[in-house]
Amino acid sequence: MYAEEEKFAQIQNDLRQKISLEDSFSADALKTVAGVDLAYWQEGDTERAVCCIVVTDAASGEVIEKKQCDGMIDVPYIPGYLAFRELPLVLKTVGLLENEPDLFIFDGNGYLHPRHMGIATHAALVMGRPAMGIAKTYFRVDKKTDYTEPAEDAGSYTDIIIDGEVYGRALRTHKGVKPVFVSAGSGISLDTACDISLRLTSKESHIPIPTRLADLETHTARAALRGGAEE
DNA sequence: GCGACAG
DNA sequence: ATCTTGTCGC
């Protein structure tokens with residue numbers, strides 16, 4: 001039903017050689033962090049989505065800028081190829097930003113991916129900016145490697161190792177709450193990605209504040225958009 | 001044919 | 001992701 005997988009895989013296999021798992025910035029140079037998220041809806045027989053990016057202060061989580069962009073979605077969701085579905089709209093939204101964030105946080109995986117090319121990594125390489133991924137549910141990369149449950153305390157984690165390589169981490173951001181799955185995108189290390197995940201997590205959300213805010217924005221934006229332009 | 005499956 | 005009621009718990 002969809003014949004693009006091979007082309008998509010080829011594109012990612014070319015791009016993956018540019019991945020860097022080292023920090024391209026120093027901790028004190030991290031001033032702003034952007035959360036990225038999308039919400040979808042159906043309009044007649046076409047699928048539409050709105051992308052919201054919320055730029056926050058890296059230390060306080062205070063909002064610095066919000067931008068959004070909506071448009072048609074023409075690629076279906078295929079596990080392993082999320083980037084091709086969401087990136088076009090994401091890149092348009094990034095183009096609207098007046099600030100250049102020091103780091104982008106994506107909803108989904110980065111290096112924790114069959115080709116190490118989850119949306120966070122793919123986006124980082126296309127944008128030429130550091131990005132990391134944080135997924136709310138586990139993506140079983142090789143169909144057999146499960147993750148080991150981290151201890152119940154906040155901050156505990158377990159490495160997700162496949163064929164001897166660390167792909168990402170199951171990170172408990174809140175005590176007793178199910179873990180999130182952190183992985184590098186590019187231009188950032190897994191350690192730093194986990195540090196930032198914990199620093200930007202608050203009492204209200206087990207995911208980083210910029211991501212949480214982008215998620216909320218996306219829902220209110222959709223409510224306005226799908227009630228407004230048609231009928 | 002049946003289950004798996006980031007968002 | 002999205003569609004959805006009630007329900008359990010702090």
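Per chain, numbering begins at 1; letters A, B, ... match sequence-line order.
The ring-ring contact (aromatic ring centres under 6.0 Å, His included) with A:His122 is formed by just one residue from the set A:Phe84, A:Tyr81, A:Phe8, A:Phe104; it is A:Phe84. Paired with A:Val54 under the rule side chain to side chain contact (heavy atoms under 4.5 Å, CB included), one option of A:Glu65, A:Gln68, A:Lys66, A:Lys67 passes, and it is A:Lys66.
At a threshold of 4.0 angstrom between heavy atoms, the contacts of A:Gly133 with the nucleic acid are absent. As judged by a 4.0 angstrom heavy-atom cut-off over every strand, A:Phe181 is placed among residues making no nucleic acid contact. Within the nucleic acid shown, A:Asp107 comes within 4.0 Å of sugar-phosphate atoms alone, with no base atom in reach, counting heavy atoms only. Among the protein residues, A:Arg85 comes within range of the nucleic acid bases, having at least one heavy atom under 4.0 Å from a base atom. As judged by a 4.0 angstrom heavy-atom cut-off over every strand, A:Ile78 is placed among residues making no nucleic acid contact. Note on A:Phe84: nothing from the nucleic acid sits closer than 4.0 angstrom, heavy atoms only.
Contact between the side-chain N/O atoms of A:Thr137 and the OP1/OP2 oxygens of B:dG7 is found at a separation under 4.0 Å. Here A:Lys143 does not reach the OP1 or OP2 of B:dC5: none of its side-chain N or O atoms lies under 4.0 Å away.
A salt bridge between A:Glu204 and A:Arg212 is absent, with no side-chain N of the basic residue lying under 4.0 Å from a carboxylate O of the acidic one.
With no hydrogens or angles considered, a side-chain donor-acceptor pair links A:Asp23 and A:Ser189 at under 3.5 Å. If you check the side chains of A:Ser156 and A:Asp153, you find no donor sitting under 3.5 Å from an acceptor.
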Donor-acceptor contacts under 3.5 Å from residues 161-168 of chain A side chains, at least two apart:
unit_1: A:Glu165; atom_1: OE1; unit_2: A:His116; atom_2: NE2; d: 3.3
unit_1: A:Glu165; atom_1: OE2; unit_2: A:Tyr111; atom_2: OH; d: 2.4

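Rounding to the nearest 0.5 Å places CG of A:Leu97 at 5.0 Å from CD1 of A:Ile53. One distance of note links NE2 of A:His174 with CG of A:Leu198; it measures 9.5 Å at 0.5 Å rounding.
Distance, A:Lys144 NZ to B:dG3 C1': 18 Å, rounded to whole Å. As rounded to whole Å, 13 Å separates atom P of B:dA6 from atom OH of A:Tyr147. When the P atom of B:dA6 is taken as reference, atom NE2 of A:His122 falls 19 Å away, rounded to whole Å. Residue A:Leu89 contributes atom CG, which lies 16 Å from atom P of C:dA1 at whole-angstrom precision. If you measure from atom NE2 of A:His113 to atom P of B:dG7, you get 12 Å, rounded to the nearest angstrom. Atoms CG (A:Asp70) and P (C:dA1) sit 19 Å apart, rounded to a whole Å. What separates CG of A:Leu82 from C1' of B:dA6 is a distance of 6 Å, to the nearest Å. One interatomic measurement links the two molecules: NZ of A:Lys175 to P of C:dC10, which rounds to 14 Å at whole-angstrom precision.
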B/S/- contact track for nucleotides 2-9 of chain C, protein heavy atom under 4.0 Å: SS------
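The side chain of A:Arg140 lies closest to B:dA4 when the candidates are B:dG7, B:dA4, B:dA6.
Both tests hold for A:Arg169 against A:Tyr157: distance to the six-membered ring centre under 6.0 Å, angle to the ring axis within 45°.
Taking atom C1' in both C:dT2 and B:dC5, one finds a spacing of 15 Å when rounded to whole Å.
Ring centers of A:Phe181 and A:Tyr147: under 6.0 Å apart, within the cut-off.
For the strand DNA chain C, secondary-structure stems (runs of at least three Watson-Crick or G-U pairs, all distances below 3.5 Å) are absent.
Stacking of A:Tyr77 onto the six-membered ring of B:dG7 is present: less than 5.5 angstrom between centres, less than 30° between planes.
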